[in-house]
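Worksheet: one structure, shown below.
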Amino acid sequence: MGTFYTVHFWLFSAMAIIAALAMVTRRNPVAAALWLVNVMFALAALYVMLGANFLGAVQVLVYAGAIMVVFVFVVMLLNLGENDVKERRSMGAALAASIIAGLLAAELLYVIRSQPLSSAPLLPVDEDALAPMANSLFTEHLVAFEVTSVLLLVAVVGAVVLAKRSQFANEARS
Amino acid sequence: MNAGFEFAALDLGTLLLPELLLSCGAMLVLLYGAFAPEGAASTRRAHLLAILVALVSAAAAAMLANQSPPLGAATGPLAFDGFRWASVAVILLGVLGTLVMAMEYNEGAALTAAEPPALVLFAATGMLLLVGSRDLMLIFLGIELMSLSVYVLTGLDRSRPSSAEAALKYFLLGSFSTGFLLYGMALLYGSTGTTNLPEMATVISDGNLADDPLLLGGMALLFVGFAFKVAAAPFHMWTPDVYEGAPTPYTAFMAVGVKTAAFAAFARILLDGLGPAYASWHYAAWLLAAATMVVGNVLALVQQNVKRMLAYSSIAHAGYLLVAITTRSSEGVAAIVFYALAYTLATIGAFCVLSIVSGGIEKRTTLADLAGLSRTRPALATAMAVFMLSLLGFPVAGGMGFFAKWYVLRAAIGAPAPQTKLAVILVLASVVSAVYYLGVIAAMFMKPVDESRKPARVVEPRLTGGVIAVAVLLLLVLGVYPSPAVRWARASTLPMSPGRAISAPASMQAVAPTESLIRTP
Amino acid sequence: MIREALFVSAILFSIGVLGVLTRRNALILFMCVELMLNAVNLSFIALSRLHGVSGQVFVLFVMTVAAAEAAVGLAIVLSVFRHYRTVDLGRIRLLRG
Amino acid sequence: MNGAQADGSGMAELIMIALLAVPLLGAMLVWLLPRPASDVHGGSARVVTIGLLGVTAILATTLWFVVPDGTALVDYAWIDDFGSRFRLAATGLSLPLVVMTAFLMLLSVIATNVESVTHRAASYYALILLLTAGILGIFLAADLLLFYLCWELMLVPLYFLIGVWGSGRGPAAGMTFFVYTMVGSLLMLVAIVTVSTAAGGTTYEVLRDAAGRSPLSLTSQLFCFAAFASAFLVKSALIPFHTWLPEAQSEGPPLAAVALGIKVGTYGLLVIAYPLFPLAALHPTVRIVLATMGVIGVLYGSLVALVQPDFRRVMSYASIAHLGFVVLGISAFTAESLQGAMLVMLNAGITTGGMFLLLGMLRQRISDDRFEAMGGLARQMPMFGALMVLFALANAGLPGTNGFVGEFLVLLGSFYRFPVLVLLATIGVILAAAYLLWAVQRTLFGPQPESMPAVRDLSLREAGVMGVFVVAIIGLGLAPSPVLGRMDESITSLINRVNVAATSTTPVGMEQGSTR
Amino acid sequence: MPISNNDASLIWLVPALPFLGFMVNGLLSLLPAWRGVQDERTPAGRRALVSTVGVGVMLLSLTLSVWLFAAVSNQDSAITSSLGQWMAAGAFTVDWALSVDHLSILMMLVITGVGSLIHIYSIGYMADDAGFARYFAYLNLFVGFMLMLVMGANLPVLFIGWEGVGLASYLLIGFWFGDTANAAAGKKAFVVNRIGDFGLLLAMFLLFANLGTLDFATIMRDHAALSTPLVTTICLFMFLGCAGKSAQLPLYVWLPDAMAGPTPVSALIHAATMVTAGVYLIVRNAALFSAAPVACLVIVLVGALTALWAATVGLKQWDIKKVLAYSTISQLGYMFVAVGAGAYTAGMFHLVTHAFFKALLFLGAGAVIHGMHHALHATHRHDDAQDMRNMGGLMRRMPVTGALMWIATLAIAGIPPLAGFFSKDAILTAVAERALESPLAEASLGPIPGRVVLWFAYGLAVLTAFLTAIYMTRLMRYSFHGTFRSGADVESHVHDSPWLLRGPLVVLGVLTAIGGWLQLPAVLPLGPTAVLDKWLAPVSGSAATLLTGSGHLSHTAEYVLIGIAIAAAVAGIAVAFITLKPASLTTKAAAPAETGIGLVLANDYFVDAGIARAITGPIVAGSRKVLWRGLDLGVINGVLVQGTAQTIRVVSSVASRMQVGFAGSYVWAIALGAIAVIAAFTFRTMR
């Protein structure tokens, strides 16, 4: 754990946090989405630094690449402008929300801080990141893996059901 | 993870037979929908097919329940114990009721397609997984499978804005709470290094981790997530809106299936995985139970829409079930199962009545719409009265509902650490509930028909009527002779990891007979 | 660095919650939830350095779930938009009381 | 099945089961009976109901004669897992009340006009049968869970009777009644669960054994006793838990008022709560508190009865006052006072019930039965007048009527326990005469208001029903011995059991309960 | 004629017969309404049947009583018959037992004898009344209960009769219930009697709690076991009962109102029999009372005060029956003075003679009222038929009645040799004797020595005798002498009653004249002395000796006492004749309002108004405003019951309004909840 590592860790962390803060404060959904992509990139870098190379890649490909694109696509589709949503801009509410979020953060940090995690021995980083994961995925977590397939099927079916125009529904409306 | 887990020894086909049948059946239904002509007849057939699938799955579960557990089931990610099969039975009961109700409802509401029954089956798969899993990962996926399907079912009625609104609220708040749940799982994983519940229990008791802050934080966040799913106060606020907006059959599905499954999983995590940390989570569970009972019942009091009222009532019932969990005893587990059965029967029945009375118009589920029902449809009104009294926990006339409450009270008071205060809160909250349940009865029996609120069409209760009849019959019969159900509930034990109990552990063993532990078949 | 990563995760999670608390745009709300999930993923990955690979497997599943949720969630948003012509939660409130 | 040693008890067992089965199955039968459209008033349902209640009454009477001096028992397995058994017992304490209930319900139905049931007649009669089964079950049960079932079962038909067939404010009155009594019942449920978990079963036998052998601590007993008492005292409407009663009795149909007059609550207090919690029951503070509440009930009920606007409310408060005597008698816990308390319970059913039926008959003739709209009825309805005077005086405890024997024994038996309280309670005897005769005067005597319609005296049917009440009132007044004798042994053993349980566990400071 | 134990159950026939009559006549009375008819007047046929039954049972009872008299006269012990157990509970048992002894047979003879006469009289008196059958039913009922009262062998059986006569009295006072005042008077009688019964009940409880029995025989046997304070308490409670039934201060208020009933009823119940039950009860329990000198002094004092109080009020009454009512109260006071002083024989003696002359007076008054009513009715006048100011000179129209009433008046005034003189003298003598020397005189009532109390009572009694003579003479002079004040047309319609009414009067007149021979004082050599004394000796003799002094009065003293008594009576009559001016009297309608002391006396010292204002009014108003509206409807039902329900409802609707439908705000709840739950977990273990 050299200084280089540490510097970069904090760099990406700061980037993630700043991007996240930017995201939650942007009015424009597209801007928010892009800031979120920014967070995800930063996180991908942190994943890699924590030895999860494969997940870092997946993060970029699936999350930033696919999911966020869908988001932006929907935003565009709905043609949402900056003023479509009357965001609550009262300082009091924002302050209260910040206090709550801060409180939550404080509690979470307290919980984590109390744990002597730093002293625990770290497992060695496996150079071949994929093999142990695949091994685990298809043996130990096979059932879970299969469940994800059903999950995705449900997502597809659900999206179709909700998005498709039903002639019956049209009749009912007219 | 090298926990001596033998992949080869695990016969997944056996362990997951009901779930497999359900999901494959769901795909079959989808396939049927793809090729069948669009229309009411196909919808009915798709539903009938789904009912068949559910029945087959139930048969498979029943078959498995009578088998001795296969090798490796003791530690694997899938449980093979009475609790699982009992929960499966209750859930499938709810699924069947939902499907029958939906079949007739959807024709009226023009929700014709094969996807709804398929989604119900998918959700059921998720529920079954949820109650059968002993691994946080699988539990998480089960929750998601269930929730995603139910989000869609909620928003199914595209002709109504409220349906879409309900779906959106459910989805947004649901995924928000999932974030907490997941964070909780992460911290539990961080504290114990495993996602497998029995292992987790071992680690906690071996490492004396019960007061580990990371574990505490994890449990807290897990509580938040599950409290949302079972609609415990103060995480209940989505419930009335979503219940009101969703199409009635799927409201029922949420009220029974989702609640039972989430509860079973919650109970399993707390009793099996986190059992050794009982002293740490007892207080929070106590608070949650008390708050939920009070909030649910008090808020239900002024509701005019019966669906909404039932939503609050379902919150209250979550509170009663939480009381059973706080006991951390095998009697408590049996009480949960027994209660879930009674609650499922009464709730499904009540929603069936509502779906018939409303004549397919969602708005027509207020007390004013029920006024004078006893004159226009006496049998329906009587059945509804039974369901209301059952939910109230009233003996004989309310049937099994009473024994459900009795059982929970028994578990609470007879527990190694008696929960007498909770029991008193429970009964006092029940008194409040009497007012709104009786309000429904009073509307049906003691008010004249409101001519301006006649339903657009009179729905003839065909199969739905059958569901109602079966529910009434079961409730009433088990209400005077509950022994079969009690025995069944007692058999459905959950392996409870021993650990630091609040009071003397010796008495604990008296309550939890060792032969019911699944480890020694 | 495990603890530090967990700190970052907690902060990101809280920022997600902050966003959910302050925003009324359903889409942005959803993005904030995604941010929370990402934060949790960071925790899992960090913890997998202590406890082994299953943390990472969990993250994989979370990502899948996130994708599925995105599909369904955005479909729901679309369907709401069809009725309400807005994604402003402040104006989507037929159901109340 | 332990009961069938002798032929007599075998027969008794059969009858006890039939006593519950006949009205229960009858309720179903009446409900499912074909209903021709012309039969709006449910004439056929009424006939069947009367027939079934008649059978019930005959069975109850037979049981009275069949059961030997001891007790008869029905015992079947029911819910082994909770240690609950289907157990019925006919004891000296339950038998009189069973017989009274059976007859009271029968007579109430006969007394009510066919025409008074204007809608949903079949349900009306079915509910009456259900109600009968519930009340009989309360008295016959020898298992606490079974008792509780019947106890609550009684609420439902009453709620419907008050709400559906009552006056305009019936639904609200019914709701208050239901919810109010439920508060007590549910607290009792917690206590039931507590004792039954401790004892490992719910039969009276098991519970009483447990109370004798390994009792709960005094504190637990006090809490549980308070919970039981809250259920029993709310149900029997002791001050200050009484306000639902006048509403329910005056808004509901006469039959509901009659059924509400059956003192299931104090029966429960005596037969269930006392043996189960001997330490609490005989705790000096508990006794004095209960007795004081009883006396306050007597005085308060009497004083408030004095200023009621209609006769039904007067009778409600009168029964609240009578309940005070019962509670006083029970808390004194002497053989005499308990006999008296039991008799007052019987009388409450007979005399108050008869009066409510009589008022129901009046209400069928005159819709506005407030005092200010009435007067001088004795001229047009001398028989009605004579009956009303008799019932009023029986209520006021005129010697020679049943009312006297009960109150006299209560006061006599309580006197050496609570002399001052008895002195105060005896003032209630004065007040009873005042409010009842005042009410009688407003109804029967004085000039007749212009607005009052011409009315006919009681019909043969009505007079016949009332005749039975008269026989009961005079009969019990002149010859209560058969009833007292029947109760004697049960009461003695009850007193012994409670005293032994209380003294064996607390050797010091507890008085020897008197059986003198 | 001895009576065997087998025949003893025959004594049940004595009360049973009137009860039988009650049942028959009661059913007959329901007949018209049953048929849907309302008669103005009972048809002659049914009237014959009713009167045959009503009078027949009385005569049979009388016959039986006479036979029983013969039977017991040979024995000192009682004839007792038990029909078995009435009630038994724990240690308490009481039998259905009647007993006939020298005391009860005396009462039985009075009841059945005077009762029979009054029944006969009633046939004529009530002939025109629609409720003829009902009347006789009630009258029979009364006699039945009265017989139970005097024959009961234990207190509970006595109590049946005790309250039963109250019931009959209630029914008969309110006989003409169409008028609210009548019904209210009946109710008042019953309720005030109940106050007395309260005392009697407590006496019973005390007796049972300490002796374990309520049988007279056992009480007499075991009473020595009771401590003196206890006996005193018992006796005082019992006397409260007597005061209620026998209209003593302060419970006498019902009796004047009771005159609302038909006059024969007043004669039978409110003069001759029922009101004397208190005296009977004390004599019956003489053994107890004689052991409680303090209680005795209280009785003497109350009796004397009552006697004077009522006599003063009687001076200013205009209603002929009211005068007699107050007179009755006054005379009852005498009896209590007697029994209080332990002169049980004297009390009983006065009871019997009073029954004769007071019944005669009432029946005479009834005849007057009957005649007046008839005349007023015939002339379509609506004047008060009972007000003496509307009468005058009736002697001319009703000579027989007038003459008989004069006999009774002289008797009650105490003019020898009429019955009243002897009985009153017996009382005065006895009091004086005990005041001179007796255990009673040695006892003290609080700070006051018994001697003072007794002398005071004696003084009051003499004063009362004087006043009695005045008001009775006043009554006679105003109604029977002078001129008729209601006009000649009415006067011409006034006739003496038919013989059906006059016959009983004559019999009573004879009894009044010779009744004194029952108990002649030793100093007057007119025949066998102290018959009654000897007769009652088995019952109260030993008790009486407990309170009597050892010595006897000298003959001189006795003569002096007799002289005082006669002087008082004569003086009273003289004063009445001198001061009263019947000629100046106007009719009731034209009479000026009373003023000053007259107003106070005419209104009975405003006792009724006072009670209404000080007791009943506040009770009713308090019950209505404080207990019912305030506590019951307001606090208990309003605040506690409905208030709780409403509070929960309000909370519910407020909380339900927080459910705004805005998903954003639900998130807040979840976030706050999450913070709370985490806190609950972490800080719980932080301790």
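Throughout, a chain's letter reflects where its sequence line sits, starting with A, and its residues are numbered from 1. All figures in this text were calculated on a predicted structure; none of them were measured in a lab.
When heavy atoms are compared at a cutoff of 4.5 Å, C:Leu12 approaches chain A solely by way of its side chain, counted from C-beta outward. Proximity to chain C involves both the backbone and the side chain of A:Gln59, based on heavy atoms less than 4.5 angstrom apart. A:Val39 touches chain C through its side chain: at least one heavy atom from C-beta onward sits under 4.5 Å away, while N, CA, C and O do not. In this structure, chain C has heavy atoms under 4.5 Å from both the backbone and the side chain of A:Ala33. Only the side chain of A:Ile67 comes within contact range of chain C, with at least one heavy atom under 4.5 Å from a heavy atom of that chain. Residue contact with chain C, scored on non-hydrogen atoms closer than 4.5 Å, involves the backbone and the side chain of A:Val75 alike. Using a 4.5 Å cut-off between heavy atoms, A:Leu36 contacts chain C through its side chain alone, with no backbone atom that close. Only the side chain of A:Leu43 comes within contact range of chain C, with at least one heavy atom under 4.5 Å from a heavy atom of that chain. Contact of C:Ala70 with chain A is made through the side chain alone, with heavy-atom distances under 4.5 Å. Neither the backbone nor the side chain of A:Leu103 comes within less than 4.5 Å of any heavy atom of chain C. Within the 4.5 angstrom heavy-atom criterion, no atom of C:Val20 approaches chain A.
The nearest pair of heavy atoms linking A:Ala163 to C:Arg82 is O-NH1, 3.4 Å. Summarising the geometry of A:Val30 relative to A:Asn28, their closest heavy-atom pair is N-OD1, 2.9 Å, with the distance given to 0.1 Å.
Aromatic ring orientation, C:Phe30 versus A:Phe71: tilted (interplanar angle from 30° to 60°). Ring geometry for A:Phe12 against A:His8 counts as tilted: the plane angle lies between 30° and 60°, on a 0 to 90° scale.
Residue with the most contacts toward chain C among A:Val161, A:Val147, A:Val154, A:Leu152: A:Leu152 (heavy-atom pairs, distance under 4.5 Å). The candidate with the highest count of non-hydrogen atom pairs below 4.5 Å against chain A, out of C:Val17, C:Val57, C:Ile11, is C:Val57. Most heavy-atom pairs under 4.5 Å with chain C, from the set A:Gly158, A:Ala101, A:Ala96: that is A:Ala101. For the options A:Val157, A:Val62, A:Ile100, A:Leu137, heavy-atom pairs under 4.5 Å to chain C are most numerous at A:Leu137. By number of non-hydrogen pairs under 4.5 angstrom with chain A, the leading residue of C:Leu60, C:Val72, C:Leu78 is C:Leu60.
Formation of a donor-acceptor pair under 3.5 Å by the C:Arg49 side chain with backbone atoms of A:Ala52 is not found in this model.
In this structure, CG on C:Asn38 lies 11.0 Å from OG on C:Ser43, to the nearest 0.5 angstrom. Between the CZ atom of C:Phe13 and the CG atom of C:Leu35 there is a distance of 9.5 Å, given to the nearest 0.5 Å. Taken from OG in C:Ser9 to CG in A:Leu108, the straight-line distance is 8.5 Å, to the nearest 0.5 Å. A:Leu11 contributes atom CG, which lies 9.5 Å from atom CG of A:Leu46 (distance to the nearest 0.5 angstrom).
Taking the side chain as every heavy atom from C-beta outward, A:Leu78 and C:Val87 approach each other to under 4.5 Å.
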